[in-house]
Amino acid sequence: MKEKRKKDYTLFRSILFLLPTWIILLIFFVGPILLTFYFAFTNLSLTGTEAKSLEFTGFQNFVTMFQDPNFRISMVNTIVFLLFSAVIGQQVLGFILALLMKEKNTSFRRIIGIIVIAGWVTPEIVVAFCWVAFLSDNGTLNMILGNMGMKPVTWLYTFPMISVIIGNIWHGTAFSMLVYQAALDDVPKSVEEAAVIDGASRFQLLLRIVLPMMKGSIVTNMILVTLQTLGVFTLIFAMTGGGPGASTQTLPIFMYNQAFVNYQLGYGTAISLILLLIGIVSSTIYIRYMKVEI
């Protein structure tokens, strides 16, 4: 009996100590999530007659969204930006850098690591201004081309999507490099040596031994990089503003324009749920395709 009372008292104390944390999570995490889902099905607005009275409109925001050609353009731009910037760009370049740094001496790894990580820790707005200065009409790249006798190119106007993709790859590759570097270091050398003794080439060693043993790290990194890339706003907005026209208008830019330029907060919130859905679907595909247990 005493032992049971002691357990109940311990449980009560644990709940009491965790109660402030639970309250904070409910107010600042669970609460906003529930409000987001609710507002997505309302006519919430900052101006006009809708601002006077909040009404539940059901799926009207989503119907309007899928009928809007700008939404379809933004969806395609988001998928293109996500595919080439995160899934291909940061993953492949990060892995290549990690592979090149494998088994190098500590000093070399530190120097390269500092150089690459410098781009990652730089704020997104600073990264955007750096790439604008590099790719603008009078920027560094055109100055180099001019000295080589070539005509300048309006990079941000002629190749806007490529420009923002390169900027985001430069900014985020270091994270993938660090993840893959740690994963490569965890691959047992004895397994690699045994494969080499059995006659495996470097390509076979990488394809048949190293990559399968890194499967968990690859999926985790792909999920994190995908979610981060889906939320990229400042970089694109500062470099191109979503233009020219709507050529670089991704869903975060489209959501911002609807919610804070057109003051249709309900509509903008509905767009945010589509972003959330893309993240969930992408993560599920990664996990199932790579057959990783969670």
Should we say atom [atom1] of [X] is surrounded by more than 12 heavy atoms from elsewhere, each under 6.0 Å from it?
X	atom1	result
Phe84	CZ	no
Asp186	CG	yes
Phe56	CZ	yes

Cluster question for you: counting only ILVMFWY and a side-chain heavy-atom cut-off of under 4.5 Å, with indirect links fine, are [X] and [Y] together?
X	Y	answer
Phe129	Tyr157	no
Tyr267	Ile73	no
Trp120	Ile111	no
Ile115	Val126	no
Phe134	Ile166	yes

Step-by-step side chain to side chain contact (heavy atoms under 4.5 Å, CB included) determination, Thr47 to Ser45: CA-CA 6 Å; Thr47 60; Ser45 177; 4.2 Å; yes

Are [X] and [Y] linked by a side-chain donor-acceptor pair shorter than 3.5 Å?
X	Y	answer
Thr57	Asn43	no
Tyr263	Gln258	no
Gln91	Asn221	yes
Tyr286	Thr226	yes

Mark yes or no for whether [X], through its side chain, and [Y], through its backbone, hold a donor-acceptor pair below 3.5 Å.
X	Y	answer
Asn61	Ala40	yes
Asn142	Ser136	yes
His171	Val127	no
Thr248	Gly243	yes
Thr42	Phe39	yes
Ser247	Pro244	yes
Thr240	Pro160	no
Asn262	Gln264	no
Gln90	Ile169	no

Look at the rings of [X] and [Y] and say which category their plane angle falls in: under 30° parallel, 30 to 60° tilted, over 60° perpendicular.
X	Y	value
Phe254	Phe71	tilted
Trp170	Trp131	perpendicular
Phe41	Phe59	perpendicular

Under 4.5 Å side-chain linkage, directly or through intermediates, the cluster mates of Met143: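 Reading the cluster by chain and number, Met143 sits alone, since nothing else belongs.
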
Please find the pair of heavy atoms, one from [X] and one from [Y], that lie closest to each other, and give the distance.
X	Y	result
Gly268	Ala259	CA-CB, 4.1 Å
Asn70	Gln249	O-NE2, 3.8 Å
Ile209	Ala195	CG1-CB, 4.1 Å
Leu227	Ser283	CD2-OG, 4.5 Å
Val164	Leu235	O-CD2, 3.9 Å
Ser272	Thr36	OG-CG2, 3.8 Å

Salt-bridge criterion met for Arg202 and Glu192 (N-O under 4.0 Å):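 The answer is no: the pair does not qualify as a salt bridge.
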
Verdict with supporting geometry, Val225 and Ser176, side chain to side chain contact (heavy atoms under 4.5 Å, CB included): CA-CA 8 Å; Val225 171; Ser176 296; 3.7 Å; yes

Report yes if the side chains of [X] and [Y] come closer than 4.5 Å at any heavy-atom pair, otherwise no.
X	Y	result
Phe260	Leu265	yes
Gln67	Val63	yes
Leu35	Pro32	no
Ile271	Met65	yes
Asp185	Tyr180	no
Cys130	Val132	no
Leu206	Phe95	yes
Ile117	Leu178	yes

Stepwise side chain to side chain contact (heavy atoms under 4.5 Å, CB included) check, Lys151 with Leu145: CA-CA 7 Å; Lys151 294 182 178 180; Leu145 294 177; over 6 Å; no

If you round to the nearest 0.5 Å, how far is [atom2] of [Y] from [atom1] of [X]?
X	Y	atom1	atom2	value
Phe237	Tyr256	CZ	OH	4.5 Å
Phe81	Leu230	CZ	CG	9.5 Å
Met101	Leu97	CE	CG	8.0 Å
Phe66	Arg72	CZ	CZ	10.5 Å
Ile285	Ile223	CD1	CD1	11.0 Å
Leu83	Thr78	CG	OG1	12.0 Å

Worked check of side chain to side chain contact (heavy atoms under 4.5 Å, CB included) between Ile218 and Leu211: CA-CA 8 Å; Ile218 293 173; Leu211 289 179; 4.1 Å; yes

Chi angles and distances behind the side chain to side chain donor-acceptor pair (under 3.5 Å) call for Asn168, Ser85: CA-CA 6 Å; Asn168 193 55; Ser85 173; 2.5 Å; yes

